[in-house]
Amino acid sequence: MQQDPAKAELAQRTLRHPIGCVGVALHSGARVALTLHPAPDGSGIRFRRADRPGTPAFRASLDRVVEDSDETVLAAPGGGPRVAGVDHLLAALAACGVTNALVEVGGPEIPAMDGSARPFVLLIECAGLLDQGSAQRDLAVERRLAVQERDGWVALEPADELLIECRIDTRCRRLGVLERSHRFDPARFRTEIAPARSFRHIRDLEAVRATGRAGGASLKNMVLLDDREPLNPEGLRFADEPVRHALLDCVGALQLLGARLRGRLVARDASPRLLRRALLELARSATGAGEARVSAAG
């Protein structure tokens, strides 16, 4: 009998060679260097601050998230160095099947690049990929789990493969409410989802800038919307680019589980912090508590 591809064992994977890039950080506006290194089998995705010599590397995991914000900020144990804006890089690593890598970054933020995961995908492909000896860990959602916050909600449900469905209200008359479903396939993700840029409504960006942040934000690294239409002169990469980026962020967040998820993820007007809250509930349920349960193999 042919094995179900959704349940087939996949080898853990790392980079064949180190590779680096330099870009502008979204909030500080500073130029920051990033280098991706191969890593041993079973080590996971780890971050290390190159500008803080002697500080240890720390794993990209839910228990290392230190801020309840709209971007994922990770920190070393005991209040150590932080790294913000890891979402797009994590999505690119997932799209390339990389489970083990060391990320060295020369500051507290990952460079924003063009606001999508595509530059990181290209970087990883240039480095080359190397399959390793162990199988990837597998997590299967066995019962429905849902969390809600104001008008947004996230649900995780059983499925034989990773299915993601997103709905967002862009508050932009031309785009309106966007919905998209994606059956996760690495090749399709790299071409259909990874190029989608992050987006902001101009009122939200102005509010962030009023706090002294978003100093590196520009039309070069995001889609900017007003009440009527997108403001980028070159237009959108896809007619539904914002919701494709929401799917991208979901895949990046799933990397924090440290396992390949089998389940259906439904996000409706959900903030990134609400998504992380749902994943925390999923991780806690691995002990058998609560309504949802997770089975682990590998």
Side-chain angles (χ1 to χ4, degrees), residues 23-27 69-73 84-96 109-124 152-154 162-172 174-205 208 214 216-226 229-256 265-276 278-279:
V24 174
L26 182 67
H27 291 298
S69 64
D70 282 344
E71 64 176 346
T72 302
V73 182
V86 302
D87 310 78
H88 303 165
L89 175 58
L90 291 178
L93 291 165
C96 296
E109 291 182 72
I110 298 295
M113 309 308 284
D114 70 350
S116 79
R118 182 167 63 182
F120 297 123
V121 168
L122 295 174
L123 199 68
I124 294 164
W153 60 272
V154 175
L162 177 55
L163 306 170
I164 306 174
E165 300 176 18
C166 287
R167 175 195 182 277
I168 59 168
D169 183 352
T170 65
R171 296 180 290 150
C172 172
R174 177 179 147 191
L175 298 177
V177 174
L178 298 174
E179 296 186 63
R180 189 173 183 88
S181 301
H182 181 77
R183 172 188 171 274
F184 184 73
D185 171 81
R188 285 185 56 226
F189 185 91
R190 292 194 295 271
T191 58
E192 298 177 11
I193 307 297
R197 297 161 292 177
S198 59
F199 63 97
R200 287 267 189 176
H201 195 283
I202 191 168
R203 288 197 300 272
D204 297 336
L205 180 60
V208 173
S218 74
L219 294 177
K220 294 180 179 179
N221 55 32
M222 68 171 54
V223 173
L224 192 60
L225 311 174
D226 67 11
E229 60 186 357
L231 301 178
N232 298 60
E234 75 280 10
L236 300 178
R237 292 178 176 174
F238 307 98
D240 60 349
E241 186 172 0
V243 75
R244 291 183 190 230
H245 188 82
L247 285 163
L248 185 161
D249 281 340
C250 286
V251 171
L254 288 172
Q255 277 283 70
L256 298 173
L265 168 63
V266 184
R268 297 285 187 266
D269 298 311
S271 65
R273 60 181 174 270
L274 183 62
L275 175 59
R276 290 193 297 270
L279 296 181

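Heads up: numbering here begins at 1 and tracks the sequence. For the numbers below, each heavy atom of this structure counts, side chains included, while hydrogens, waters and symmetry mates do not.
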Please name all residues satisfying side-chain contact (heavy atoms from CB on, under 4.5 Å) with [X], sequence neighbours left out, ordered by chain then number.
X: Ser218; answer: Lys220, Asn221
X: Ala278; answer: Leu145, Val147, Val154, Leu156
X: Pro242; answer: Ile168, Thr170, Leu175, Leu178, Phe199

Considering all heavy atoms, the nearest [X]-[Y] contact:
X: Gln255; Y: Leu90; result: CG-O, 3.3 Å
X: Pro195; Y: Glu241; result: O-OE2, 4.0 Å
X: Gly216; Y: Val24; result: CA-CG1, 4.2 Å
X: Phe238; Y: Thr191; result: CZ-O, 3.8 Å
X: Ser116; Y: Ala194; result: CB-O, 3.2 Å
X: Ala94; Y: Val251; result: CB-CG1, 3.7 Å

*Dump the intermediate steps for salt bridge (Lys or Arg N to Asp or Glu O under 4.0 Å) on Arg171 and Asp204, then the final yes or no.*
CA-CA 11 Å; Arg171 296 180 290 150; Asp204 297 336; 2.3 Å; yes
*Going through the checks in order, is the side-chain contact (heavy atoms from CB on, under 4.5 Å) test met by Ile110 and Leu26?*
CA-CA 8 Å; Ile110 298 295; Leu26 182 67; over 6 Å; no
Can you find a heavy atom in the side chain of [X] that is under 4.5 Å from one in the side chain of [Y]?
X: His88; Y: Arg118; answer: no
X: Leu279; Y: Leu256; answer: no
X: Leu265; Y: Glu165; answer: no
X: Pro272; Y: Leu275; answer: no
X: Leu247; Y: Arg180; answer: yes
X: Val223; Y: His245; answer: no
X: Val266; Y: Trp153; answer: yes

*Kindly determine whether Leu231 and Ile202 satisfy side-chain contact (heavy atoms from CB on, under 4.5 Å), including the steps that lead there.*
CA-CA 9 Å; Leu231 301 178; Ile202 191 168; 4.1 Å; yes
*Please walk me through it: do Ser181 and Leu163 pass side-chain contact (heavy atoms from CB on, under 4.5 Å)?*
CA-CA 7 Å; Ser181 301; Leu163 306 170; over 6 Å; no
_Presence of salt bridge, Arg197 and Glu234, under 4.0 angstrom_ =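 So Glu234 pairs with Arg197 through a salt bridge.
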*Is it true that Arg244 and Glu192 have a side-chain N and a carboxylate O under 4.0 angstrom from each other?*
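Answer for the salt bridge query: no.
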Kindly say whether [Y] contributes a backbone atom to a donor-acceptor pair with the side chain of [X] at under 3.5 angstrom?
X: Arg190; Y: Cys96; answer: no
X: Asp226; Y: Glu229; answer: yes
X: Asp185; Y: Arg188; answer: yes
X: His182; Y: Ile164; answer: no

For [X], what residues pass the salt bridge (charged side-chain N to carboxylate O under 4.0 Å, His left out) criterion, not counting sequence neighbours?
X: Arg174; result: none
X: Asp269; result: Arg167
X: Asp114; result: Arg237

_Run the side-chain contact (heavy atoms from CB on, under 4.5 Å) test on Leu93 and Phe120 for me, step by step, so that the C-alpha distance in whole Å, both residues' side-chain angles and the decisive distance to 0.1 Å come before the verdict._
CA-CA 8 Å; Leu93 291 165; Phe120 297 123; over 6 Å; no
*Could you tell me the separation between the CD atom of Glu179 and the SG atom of Cys166, rounded to the nearest 0.5 Å?*
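Between Glu179 CD and Cys166 SG, I get 10.0 Å after rounding to 0.5 Å.
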